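Sharing a structure, written as C-alpha cells. Questions coming.
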Amino acid sequence: MDKDRQSATLHWVWRDALDSLRLLGRRAWLALLGIAVGCAAIIALINIGHNAAVESINAFKGLGTNTLVASFRPGPENLATAPMTLNGPALTATLPEIQHAAPLTLYSSHPHHAGTSMDAAIVGTSPELLPILELQVTQGRFLSDFDRESTYAVVGSRVAQDLGLMPGNWLQIAGYLFEVIGIIASQPRNPLLPVTPDDSVFVPIEGMRRLLSAPQIGNIVARVHDSAPLARVADDMTTYLERTFENREVDVQIPKLLIEGIAHQASTFTYLLAGMGGISLLVGGVGVMNVMFMNVIERRREIGVRLALGARARDIRNLFLFEAIVLSVTGALLGAALGLGAAYAFVRFSGWAFNLSVLSLPLGILCSLGVGLFFGLYPALTASRLPPVSALRDD
Amino acid sequence: MKPLIAMEGVCKSYASAGWDLDVFDEAALSIQHGERCAIVGPSGAGKSTLLHLLGLLDTPDKGRLLFNGCDISTTTSDQRAQLRNQCLGFIFQNFHLLPRLTALENVALPLFYRGLSRAAAHQRAYEQLERVGLDERMLHRPASLSGGQCQRVAIARALVGAPALILADEPTGNLDSATTEDVLHLLLQLNREEGVTLVVVTHDTGLAQRLDRCFHVQNGKVTEKPHHWDMAHG
C-alpha cells in the first residue's frame with residue numbers, strides 16, 4: 001500500500017488543534033493558567049533567589065577577593081603585650097606574596113569639632129591601608145610615611161559630614177588636637193572588616209600612645225598578590241606573626257572563603273526556591289492532564305468518526321498532543337513574562353538592583369514544556385488507543 | 001468476478017458484563033461490486049457489528065474477511081485506516097458531523113487524512129456539496145442545519161474520497177418521510193451513476209425492498225432472504 005500518500009499535513013494538524021482549543025474555552029484557559037503560573041513561579045523564584053544572593057555577596061565584595069584579616073586572640077590579661085606597631089616592610093620582605101599589610105588599633109571616642117561631637121572609631125594605622133581597603137580620597141590626602149609623628153587625621157565621609165570637617169580643620173580627640181588632612185569617600189559597610197571607614201578617623205598608629213596608655217595592635221589586614229594561593233599565604237602569615245609577636249595567638253581569616261561560603265548558602269537558598277517553583281509547575285502539569293483527559297472523554301465520538309474516516313492511531317495521538325503543545329508553549333511564554341515581571345517588581349520593591357538570572361529563562365520554559373508534554377502525552381496515547389468501534393458507540 | 005467483500009466462517013464475540021457474547025458464529029456473505037444490499041434483523045442481533053466488520057473498524061475473531069481479495073486479518077491497523085480512507089464511505093444514523101467544523105470542512109475531513117492541500121480538499125468538498133444540493137450552506141455549522149441537510153452533508157463526506165463501498169447505518173432513522181425519500185433517492189442515484197456499492201443497515205421494510213439483496217442477521221448467522229419473503233415472519 002502507498003504509505004506516503006496518506007498523512008495529514010502539519011498545517012491541518014495545527015489548525016485542528018487550535019480550533020479545538022478555542023472550543024474548549026474556559027477549561028483550556030485553566031490549563032494554560034496552570035502551566036503559566038508554574039513557569040512564572042520557577043522563573044520568579046529563581047530570579048528572586050539569584051538577586052538575593054547577588055545582593056548579599058555584594059556586601060562583601062568591597063573587601064576584594066585577595067585580602068587576609070589577622071586578629072590577635074585576647075590572651076591572658078597583663079601577660080599579653082602585643083606590639084604597638086607592625087613592621088610592614090619586614091613582613092612583605094619575608095612573605096613576598098603579600099603586597100601590602102597594615103596594622104589596625106581601634107579606640108572608641110567622641111571627637112569634637114566646632115561645638116559638635118559624635119561617636120567615632122579612632123583607627124591607628126599605616127599608609128598601606130589605602131590600597132588594601134581600596135579607599136578613595138575625595139579631598140586632601142591619606143596618611144603618608146612622613147606623618148608618623150604628626151597629629152594628622154584622615155576622616156571618613158560620615159564623620160566629615162556630621163562634624164562639618166574640611167581639610168585644614170582641627171579635630172579634638174580626647175584632649176588632643178588633630179589636623180584633618182583628608183576625607184575618604186563613602187564605602188559600603190563590610191562585616192568582614194574590623195573597621196567601618198565611614199565612621200572612622202584614621203590617625204598614624206605611632207600616635208595612638210597619645211590616646212591609649214598601652215596601645216596594642218588589634219588586627220592586621222593584608223593584600224595578597226592576585227596569583228598567590230590564599231590558604232598557604234594565610235598559614236605562612238600566621239606562623240610569621242606568631243613568631244614575631246611571641247606569646248600571642250593569631251587567627252588569619254580568608255574573606256574569600258567566607259564569601260564563597262555565603263555564595264554557597266545563597267545558591268542553596270535559590271535551589272530551595274526553584275524546588276518550590278517546580279512543585280507548583282507539577283501542579284500545573286496535573287491540571288493539563290486533567291483538562292486533556294476530559295477533552296479526550298468528551299470527544300470520544302469525534303475520535304471514532306475520525307477513525308472511521310481514515311485517521312490512524314498516530315493521527316489521533318498527534319491531534320491531542322498538538323493541543324497539549326499549544327497549551328504548553330503558550331503557557332510557558334506567558335509564564336516567563338509573568339515570572340520576570342513578578343521578580344522585577346519584588347526586587348525593585350526590596351530596593352535592590354535587578355540582575356537577571358540568565359539561566360532561569362531557558363530552565364523555566366523548558367521545564368514547563370516538558371511538564372506540559374509529559375502530562376499531555378498520556379491522554380493523547382489513551383485517545384489513540386481507543387478502539388474505533390467503542391469510540392463510535394452511542395452512550 | 002472477485003467479490004468486493006467476502007466473509008467466510010467469521011466468528012465474533014464481545015465480552016460484556018463478564019459474559020462472552022457470541023455475536024457471529026461461522027457467518028458468511030459475499031457482495032459484488034456495484035450491488036445494493038440491505039442488512040436487516042431484530043435489535044441486538046448484530047447488524048451494527050456486521051457493519052463494523054464490513055467497514056474494517058473491527059476484525060473477526062476467527063474466519064476470513066476479504067476486502068477486494070485482501071485478507072483483513074493480515075493487515076495492520078494503519079493499513080485498515082488507509083483502506084477506510086480510500087475505499088470506504090460511512091453514513092451514520094446520527095450523522096456524526098463534527099460540530100465545530102463547517103459543512104465544507106466536515107466534508108473535506110477525509111481528504112485531510114490523505115495529505116491533500118487545503119485548497120484541493122476544499123475544492124473537492126465543494127463539488128460534493130454541490131452534488132447533494134448544499135453548496136449554498138457550505139459555511140454553516142451542523143447546529144444550524146436540519147436533520148436532512150446534516151445527512152446530506154454526511155453523504156457528501158462519505159463520497160468525497162470516491163469510495164468503492166458506502167456503508168450506511170440506519171441512514172434515515174432520524175429523518176421524516178419526505179427527507180427519507182430524498183436521502184434514499186440520492187443514495188440509489190449514486191449507485192446507478194457511479195456504480196458505488198451500497199450496504200445499508202435498516203429497520204425500514206420499504207427501504208430494504210428497494211435494494212437488490214437483503215441479508216438477515218439472526219442467531220449468529222447471516223442469511224440472504226429473497227425479496228418476497230415477508231420480514232414480519234422473521
Side-chain angles (χ1 to χ4, degrees), chain A residues 1-28 295-296 298-320 322-323 326 381 383-395, chain B residues 12 14 16 23 48-49 51-53 55-59 70 75-102 105-121 141 154 157-158 160-161 163 167 169-170:
Chain A
M1 263 176 258
D2 180 5
K3 284 221 168 176
D4 298 330
R5 228 172 89 82
Q6 193 190 28
S7 69
T9 57
L10 212 59
H11 174 81
W12 279 87
V13 178
W14 275 114
R15 235 183 63 90
D16 239 18
L18 285 176
D19 260 4
S20 44
L21 279 180
R22 209 182 55 225
L23 274 117
L24 266 180
R26 196 187 308 164
R27 250 185 298 110
N295 191 6
V296 168
E298 276 183 9
R299 285 160 65 193
R300 226 184 51 158
R301 182 93 55 79
E302 175 185 334
I303 294 167
V305 172
R306 286 177 184 270
L307 287 170
L309 296 182
R312 294 160 302 175
R314 81 184 80 147
D315 294 321
I316 301 296
R317 184 200 62 206
N318 287 349
L319 176 68
F320 287 93
F322 275 52
E323 289 184 30
V326 171
L381 287 177
S384 74
R385 284 179 193 144
L386 270 179
V389 173
S390 79
L392 268 176
R393 196 172 296 142
D394 294 314
D395 286 346
Chain B
K12 183 76 195 172
Y14 285 108
S16 125
V23 184
S48 293
T49 304
L51 199 78
H52 290 151
L53 284 170
L56 313 183
L57 289 167
D58 213 342
T59 50
C70 159
T75 55
T76 65
S77 81
D78 280 2
Q79 284 170 332
R80 287 195 296 280
Q82 189 170 357
L83 279 174
R84 286 197 295 273
N85 186 249
Q86 306 200 338
C87 304
L88 297 178
F90 287 90
I91 299 170
F92 303 95
Q93 179 175 6
N94 294 331
F95 325 132
H96 284 341
L97 299 175
L98 301 192
R100 61 168 188 280
L101 301 185
T102 64
E105 288 166 332
N106 262 296
V107 174
L109 195 59
L111 301 177
F112 157 42
Y113 292 114
R114 285 192 194 180
L116 244 67
S117 79
R118 201 175 138 78
R141 291 185 201 281
R157 182 179 65 184
V160 78
L167 296 156
D169 191 356
E170 306 272 10

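Values below: all heavy atoms of this structure, side chains included; hydrogens, waters and symmetry mates excluded. Protein chains get the first letters and strands the later ones, always in sequence-line order, with residue 1 at the start of each. Everything quoted here is computed from the prediction, not taken from an experiment.
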### Message
On a heavy-atom basis, which atom in B:Phe92 and which in A:Ala308 lie closest, and how many Å separate them?
### Response
CZ-CB, 4.1 Å
### Query
What is the distance from atom OG1 of B:Thr76 to atom CZ of A:Arg312, rounded to the nearest 0.5 Å?
10.0 Å
#### Entry: Side chain, backbone, both or neither of B:Ala121 within contact of chain A (heavy atoms, under 4.5 Å)
side chain
### Task
Using non-hydrogen atoms and a 4.5 Å limit, figure out which bit of A:Arg314 sits close to chain B: side chain, backbone, both or neither.
side chain
### Task
Would you indicate whether the side-chain heavy atoms of A:Val389 and B:Tyr14 approach each other to under 4.5 Å?
yes
### Summary
Closest non-hydrogen contact found for B:Ala81 with A:Ala311 is CB-O, 3.7 Å
### Rounded distance (nearest 0.5 Å) linking atom CG of A:Leu309 with atom CG of B:Leu98
7.5 Å
### Message
So, taking the atom named OH in B:Tyr113 and the one named CD1 in A:Ile316, what distance separates them when rounded to the nearest 0.5 Å?
### Response
5.0 Å
### Query
So what's closer than 4.5 Å to chain A heavy atoms on B:Leu101: side chain, backbone, both or neither?
side chain
### Closest non-hydrogen atom pair, A:Ala313 against B:Asp78
N-OD1, 4.3 Å
